[in-house]
Amino acid sequence: MADKKAQLIIEGAAPVELPVLTGTVGPDVIDVRSLTSTGHFTFDPGFMSTASCESKITYIDGDKGILLHRGYPIEQLAEKSDYLETCYLLLNGELPTAEQKAQFVSTIKNHTIVHEQLKTFLNGFRRDAHPMAVMCGIVGALSAFYHDSLDINNPQHREISAHRLIAKMPTIAAMVYKYSMGQPIMYPRNDLSYSENFLHMMFNTPAEVKPISPVLANAMDRIFILHADHEQNASTSTVRLAGSTGANPFACIAAGIAALWGPAHGGANEAVLTMLDEIGDVSNIEKFLAKAKDKNDPFKLMGFGHRVYKNFDPRAKVMKKTCDEVLGELGINDPQLELAMKLEEIALKDPYFAERNLYPNVDFYSGIILKAIGIPTSMFTVIFAMSRTVGWISHWKEMIASGQKIGRPRQLYTGYAKRDLPR
Ligand code: SDX
């Protein structure tokens with residue numbers, strides 16, 4: 001992969017030659033691993049220009065608005081695949097045969113139940129605790145239940161941990177929701193699909209078990225697909241860094257959940273609905289756009305902008321199409337959707353947003369569909385975490401299998417030089 005060279009000229013020092021590595025698609029990278037021999041580090045807070053690893057899982061072209069999972073466009077996966085098939089693809093690198101798919105679905109179904117003792121963890125939380133706080137705690141606690149699969153160097157342990165996490169996240173998420181509602185927990189059912197099962201555990205009760213709407217189940221499954229992976233985003237990078245220390249996969253996924261929670265990242269879907277509530281009416285849009293443009297105002301247009309996409313986020317396009325389908329099939333006329341579409345229309349015409357290539361991202365419309373499905377705003381990022389678990393664990397597996405060294409960035413130190421205590 002290194003057929004080109006870069007030359008670094010540092011004043012007062014001999015020129016340094018650095019290999020330039022070329023991937024399948026996307027920008028070449030300058031391999032700076034040997035730079036420490038010159039007594040220099042690179043400096044890139046926020047990793048604006050830094051490739052932290054080599055990966056074969058997901059490719060994003062931010063300028064063209066392209067997202068590929070193992071080479072397959074997200075639009076095709078959202079239209080023609082389902083979440084568990086996408087999970088198999090992300091984990092294994094290829095689409096499953098019919099037999100492999102059936103086996104994978106059966107394996108996941110047989111890991112959906114959590115240890116009965118795990119339910120007692122809920123009682124330590126207030127009923128009004130934010131669901132993401134509870135998710136961090138309970139997923140981290142899974143480490144305490146699966147001592148039989150914590151040898152990260154054992155490929156079988158890595159595989160069963162991945163299956164357990166993908167299978168149990170919906171069960172845990174629904175438990176967290178039911179606990180917040182003061183309702184009895186619903187156990188998973190093996191006769192339902194992954195998305196049907198999640199909606200069953202969320203909205204059915206022991207007193208009444210209603211059939212799951214195929215419209216809602218399909219919308220849920222598509223939301224899971226659209227959030228499944230996104231290369232080296234903040235939470236995935238957190239999982240990779242935690243995993244590089246040899247921490248067990250459950251602890252690493254808990255770290256990913258914590259990182260996802262922030263409003264600049266996965267917390268944005270919840271923040272978009274809060275923002276739309278604050279805007280309230282089309283007549284207030286200009287006022288809020290002015291706030292978003294005011295450098296002295298911390299307000300940002302939630303669901304807009306992206307570190308990588310400088311064009312439409314392809315997931316936002318599919319999400320908006322799904323919005324129209326779901327609300328249409330449910331006969332819902334959601335004023336927040338109207339407001340969101342008007343906000344998008346006005347913002348995209350505004351030079352501030354156009355000059356900065358700020359477009360709607362995956363979070364801009366997802367909340368409107370989740371609300372139509374009946375999921376409360378406080379659970380939106382939990383849904384994101386559930387969906388992204390397969391991405392996190394796929395990157396974790398890839399990082400472990402690559403034998404990557406522990407991640408340990410350096411710094412530009414600007415504090416005091418050595419000084420003695422004044423006594
Ligand atoms: C996700 O990384 C991933 O892949 C994430 C994700 C995934 O699937 O894992 O795609 C999921 O996190 C999507 C993003 C969700 N977050 C939001 O919607 C929150 C609102 N967006 C912003 O906070 C922001 O756009 C970020 C955090 C998403 C990206 O920020 P960057 O890349 O650091 O960009 P920046 O802050 O340097 O912005 C460049 C300029 C700045 O203005 P100037 O200094 O050039 O004058 O654009 C401005 C920013 O102030 N800007 C915004 C804005 N986003 C950027 N101004 C107003 N509103 C916004 N939303």
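The chain is numbered in sequence order, starting from 1. Start at 1 and go down the list; that is how both ligands and their atoms are numbered.
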Determine whether a donor-acceptor pair (N or O, by modelled atom type, separation under 3.5 Å) exists between the side chain of Thr236 and the backbone of Gln232. no

Which residue pairs pass the ring pair (Phe, Tyr, Trp, His ring centres under 6.0 Å) test with at least one member in residues 152-176, sequence neighbours excluded? Phe104-His163

Do Phe364 and Lys320 have side chains that get closer than 4.5 Å, going by heavy atoms? no

Would you call Glu338-Lys342 a salt bridge at under 4.0 Å N-O? no

Quick one: which residue pairs count as a ring pair (Phe, Tyr, Trp, His ring centres under 6.0 Å) with a foot in residues 45-86, not counting sequence neighbours? Tyr83-Tyr194, Tyr83-Phe224

Near ligand 1 (heavy atom, under 4.0 angstrom), the protein residues are His230, Asn233, Pro263, Ala264, His265, Ala268, Ala292, Lys295, Lys300, Leu301, Met302, Gly303, Phe304, Gly305, His306, Arg307, Arg315, Tyr352, Arg356, Leu358, Asn361, Asp363, Phe384, Arg388

Pair listing, ring pair (Phe, Tyr, Trp, His ring centres under 6.0 Å) test, anchored in residues 309-363, at least two apart: His230-Tyr309, Phe304-Phe353, His306-Tyr309, Phe312-Tyr359

